[in-house]
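Residue numbering restarts at 1 for every chain, and letters A, B, ... go by the order of the sequence lines. Because the structure is predicted, anything quoted here is derived from the model rather than measured.
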2 protein chains.
Amino acid sequence: MNAVTIKDVALAAGVSSATASRVLSGHPATSAASREKVAAVAKELGFVPNAQARSLRSTKTDTIALLISDVRNPYFSDLAHAVEQQAHAAGMMTFIGNANEDTEQQDQFLAAMLSRRVDGLIVVPQGLDEDADRPSPMMQRIIASGTPLVFVDRTLPEQRIPSITASSTGALEEAIAQLKLLGHTSIAFLGGPDHASTARERHSAFDSAMAANGLSINPALHFAGDFRAASGADGARWLLEHELQPTAVVIADAPMAIGALTVWREAGIRIGKQLSVISFDEVDAMLMHDPPIATISHDLTSMGRAAVTALQEVMAGKSPEPQEFISRFTARESLAPTQAATGA
Amino acid sequence: MNAVTIKDVALAAGVSSATASRVLSGHPATSAASREKVAAVAKELGFVPNAQARSLRSTKTDTIALLISDVRNPYFSDLAHAVEQQAHAAGMMTFIGNANEDTEQQDQFLAAMLSRRVDGLIVVPQGLDEDADRPSPMMQRIIASGTPLVFVDRTLPEQRIPSITASSTGALEEAIAQLKLLGHTSIAFLGGPDHASTARERHSAFDSAMAANGLSINPALHFAGDFRAASGADGARWLLEHELQPTAVVIADAPMAIGALTVWREAGIRIGKQLSVISFDEVDAMLMHDPPIATISHDLTSMGRAAVTALQEVMAGKSPEPQEFISRFTARESLAPTQAATGA
DNA sequence: TTGTAGGCGTTATCAC
DNA sequence: GTGATAACGCCTACAA
């Protein structure tokens with residue numbers, strides 16, 4: 001068992017534990033002699049400082065927590081990776097927690113992090129299902145506790161919390177303009193869950209992009225999914241049976257798109273011929289698809305970095321401005337001139 | 001700021017901190033009266049126990065760490081999800097760490113976990129590049145420290161460490177038999193990096209499946225990738241230019257398959273006609289592809305659960321047997337009778 | 001430069 | 001059942 005403490009090191013090095021501590025934590029007031037001896041002994045004994053004790057005393061843990069809503073969604077694993085790398089570069093560890101799109105799991109994770117006294121939190125917040133905009137009680141406690149907090153990707157209408165978000169308005173305007181140019185006027189939207197601010201943002205950006213292009217917004221062409229593959233498949237089936245037979249569709253995230261495209265493949269729908277498709281989130285599978293799928297993508301790497309930077313500012317007592325990244329539209333062969341209705 | 005300690009709670013409840021502690025940690029020796037009062041006060045004050053202090057005293061953290069080699073690989077995010085859920089059910093938190101297929105990052109994470117005194121470790125071990133089978137120095141220290149440790153997915157030849165692995169021999173024999181039946185005799189293998197035991201296992205299982213089916217093993221048809229999409233793309237290009245023009249290919253993981261399939265789409269290769277494809281790892285994108293891709297899949301959920309269970313046994317002082325899961329072959333339309341060579 | 005002496009928040013050990 | 005008290009491992013005034 002690893003029970004070697006700083007006292008053991010000090011004893012073996014023939015110094016006091018205070019000196020050993022100073023050497024091991026790089027305090028300047030140490031002699032070359034003790035530095036050498038302590039370092040050598042510590043290495044030989046395999047001394048690993050107890051982070052618990054250290055941060056109990058110093059009230060900092062050099063650890064931040066990142067709460068995402070679905071580990072298995074590549075969108076969030078990209079975000080997690082970016083945050084982790086940036087935090088790592090700043091000498092901090094990152095706890096990654098998974099809310100599973102569930103307020104209860106979110107709160108459990110937040111409680112655990114609070115209890116572990118992380119130095120800060122980066123959160124993709126879940127709204128409450130019934131009342132999408134109200135932070136959960138645990139979130140309110142976090143805020144009340146004064147723990148440095150930053151929202152990323154999604155947000156809640158809490159004025160004091162800096163947030164890093166993405167705006168898809170411009171990209172969607174481009175996308176819809178492109179579709180209109182190709183002759184599409186009946187365009188469906190497979191959206192995400194209303195408790196996610198991103199789902200609402202994408203939906204309203206879609207509506208305003210339609211309006212900006214002089215196309216009418218038809219609520220009957222909006223399907224409410226949940227950002228997961230199964231709901232994308234449901235949306236695809238819903239579309240197949242839809243009386244209006246739109247000729248193009250925008251899908252709110254990659255898992256839903258993959259689910260939907262699978263259904264359409266099974267149904268023999270030719271993408272880019274019978275149905276034009278644009279999906280949010282650029283993942284490798286979109287380029288594998290034949291034809292490749294046009295995407296609206298967010299720069300997760302930059303967003304993740306920005307979140308860490310903003311959090312560091314909050315930890316330093318500043319109040320960083322909210323930051324909004326602009327998503328990018330990439331046209332691909334999944335877009336083509338109108339030919340026939342979906343079900344043809 | 002959240003500076004409410006157990007003493008504050010005790011004071012407000014009119015009991016000693018010892019009693020407060022007993023109530024808050026569910027110790028049986030408490031009266032109903034104090035239980036009520038303490039609980040009420042704690043809630044009112046928003047008391048959050050300091051996990052640092054608690055585990056400093058109790059020498060347990062109710063936390064385990066999971067080290068995977070690539071967060072963005074869906075294979076590992078599935079595994080992570082399974083481990084997390086199972087650990088959560090057992091009342092433990094999970095730290096998820098990302099080695100990025102890199103021994104140095106692996107070691108940093110392990111050191112951080114050791115320093116945080118996690119109760120146990122579940123690791124997908126990285127071999128050293130130069131000497132795939134030797135555990136890194138840090139891994140040796142972990143082992144020496146006696147921290148409960150379990151390997152999952154990959155393994156190292158350390159006799160004392162329980163490991164949860166998968167065997168693809170049977171599945172590959174089935175797969176190759178199927179290909180042979182369809183007339184394929186020249187079958188390529190796009191493999192993973194040698195420092196991963198799974199890559200070696202899949203490769204040797206491929207070879208023995210070829211042999212078992214009476215087909216000759218041709219080293220010239222083996223491509224060494226690294227489990228990532230880019231190397232799959234490289235492998236696909238390599239195959240396109242290969243003088244032997246195999247008619248079928250087995251790919252060692254999903255990201256590589258997606259990379260490869262993208263290249264083949266661009267090159268106009270018709271999968272399931274000109275080239276039959278089998279990929280390891282069943283991810284949604286495999287079913288989205290037209291035609292759907294035959295897969296060899298592991299039951300990550302069961303493996304993740306088994307890893308947690310094994311770790312719990314180690315923590316309880318037992319020595320669980322190594323466990324080997326059997327992978328499953330699923331035939332799909334990406335397999336078809338031989339027609340023409342790849343490059344035709 | 002070094003050592004001594006608390007103390008961080010909690011729980012375990014004793015008495016009562 | 002409850003309350004003092006010590007101890008977990010480390011860091012940091014303070015004094016030397």
Side-chain angles (χ1 to χ4, degrees), chain A residues 1-39 41-42 45-63 111-112 114-119 145 147, chain B residues 1-39 41-42 45-63 111-112 114-119 145 147:
Chain A
M1 278 298 148
N2 199 321
V4 38
T5 78
I6 203 170
K7 281 186 186 168
D8 302 320
V9 175
L11 194 66
V15 298
S16 75
S17 61
T19 300
S21 170
R22 281 189 279 257
V23 169
L24 293 167
S25 52
H27 191 102
T30 50
S31 71
S34 42
R35 244 171 298 166
E36 273 181 46
K37 210 181 290 182
V38 169
V41 168
L45 266 51
F47 170 70
V48 179
N50 185 324
Q52 324 269 358
R54 188 203 296 265
S55 53
L56 182 58
R57 187 66 235 260
S58 62
T59 64
K60 58 192 291 283
T61 54
D62 289 323
T63 303
L114 217 49
S115 151
R116 279 172 178 72
R117 301 294 191 267
V118 293
D119 292 343
S145 80
T147 307
Chain B
M1 279 300 148
N2 199 321
V4 39
T5 77
I6 202 169
K7 282 186 184 168
D8 303 322
V9 175
L11 195 66
V15 297
S16 75
S17 60
T19 299
S21 169
R22 281 189 280 257
V23 169
L24 293 167
S25 52
H27 191 99
T30 50
S31 71
S34 43
R35 245 169 299 166
E36 273 181 44
K37 209 182 290 180
V38 169
V41 169
L45 265 52
F47 170 69
V48 179
N50 185 323
Q52 323 270 358
R54 188 204 292 266
S55 52
L56 180 58
R57 186 64 241 243
S58 63
T59 63
K60 57 193 291 283
T61 53
D62 290 323
T63 303
L114 218 48
S115 150
R116 279 171 179 71
R117 302 293 192 267
V118 293
D119 293 342
S145 80
T147 307

- Item | Terminal helix-axis angle for the helix from C:dT1-D:dA16 to C:dC16-D:dG1, with five pairs defining each axis and rounding to 10 degrees |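 Its terminal axes enclose an angle near 40°.
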- Query: Quick one: salt bridge (Lys or Arg N to Asp or Glu O under 4.0 Å) pairs with a partner in residues 4-23 of chain B, sequence neighbours left out?
  - Reply: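 Non-adjacent pairs meeting salt bridge (Lys or Arg N to Asp or Glu O under 4.0 Å): zero.
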- Message: Under the salt bridge (Lys or Arg N to Asp or Glu O under 4.0 Å) definition, can you give me all pairs with a residue in residues 49-60 of chain B, not counting sequence neighbours?
- Response: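 Applying salt bridge (Lys or Arg N to Asp or Glu O under 4.0 Å) to every pair that reaches into residues 49-60 of chain B, excluding sequence neighbours, yields B:Lys60-B:Asp62.
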- Task: May I have the distance from B:Asn50 (atom CG) to D:dC10 (atom P), rounded to whole angstrom?
- Result: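 Between P of D:dC10 and CG of B:Asn50: 16 Å.
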- Message: Can you measure B:Leu56 atom CG to D:dG9 atom P for me and round it to whole angstrom units?
- Response: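 My rounded result for the distance is 7 Å.
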For [X], check side chain to side chain donor-acceptor pair (under 3.5 Å) against everything at least two apart and list the hits.
X: A:Thr30; result: A:Arg35
X: B:Thr61; result: B:Asp119
X: A:Ser25; result: none
X: A:Ser21; result: none

Using the side-chain contact (heavy atoms from CB on, under 4.5 Å) criterion, which residues pair with [X]? Sequence neighbours excluded.
X: B:Leu56; answer: A:Asn50, A:Ala53, A:Leu56
X: B:Ser16; answer: B:Ala18, B:Thr19
X: B:Ser31; answer: B:Ala33, B:Ser34

- Side-chain N or O of A:Thr5 less than 4.0 angstrom from OP1 or OP2 on D:dG9?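 Result: no.
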- Task: Looking at every strand, decide which applies to B:Ser34 at a 4.0 Å heavy-atom threshold: base, sugar-phosphate, or nothing.
- Result: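 B:Ser34: backbone/sugar contact only, no base atoms under 4.0 Å.
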- Item | Residue closer to the 5' end of DNA chain D, B:Thr30 versus A:Gln52 (nearest nucleotide) |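 Nearer the 5' end of the strand: B:Thr30.
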- Item | Nucleotide interval of DNA chain C bounded by contacts with chain B (heavy-atom cut-off, under 4.0 Å) |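 Counting from the 5' end, contacts occupy C:dG9 to C:dT13.
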- Is any side-chain heavy atom of B:Arg117 less than 4.5 Å from a side-chain heavy atom of B:Thr63?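 No, every pair of side-chain atoms sits at 4.5 Å or beyond.
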- Task: Compare every heavy atom of A:Phe47 with every heavy atom of A:Leu24, then report the nearest pair and how far apart it is.
- Result: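 Heavy-atom minimum between the residues: CD1-CE2, 3.6 Å.
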- Sequence-aligned protein contact record of nucleotides 11-16 of chain D, with B where the base is within under 4.0 Å of a protein heavy atom and S where only the sugar-phosphate is: BBB---
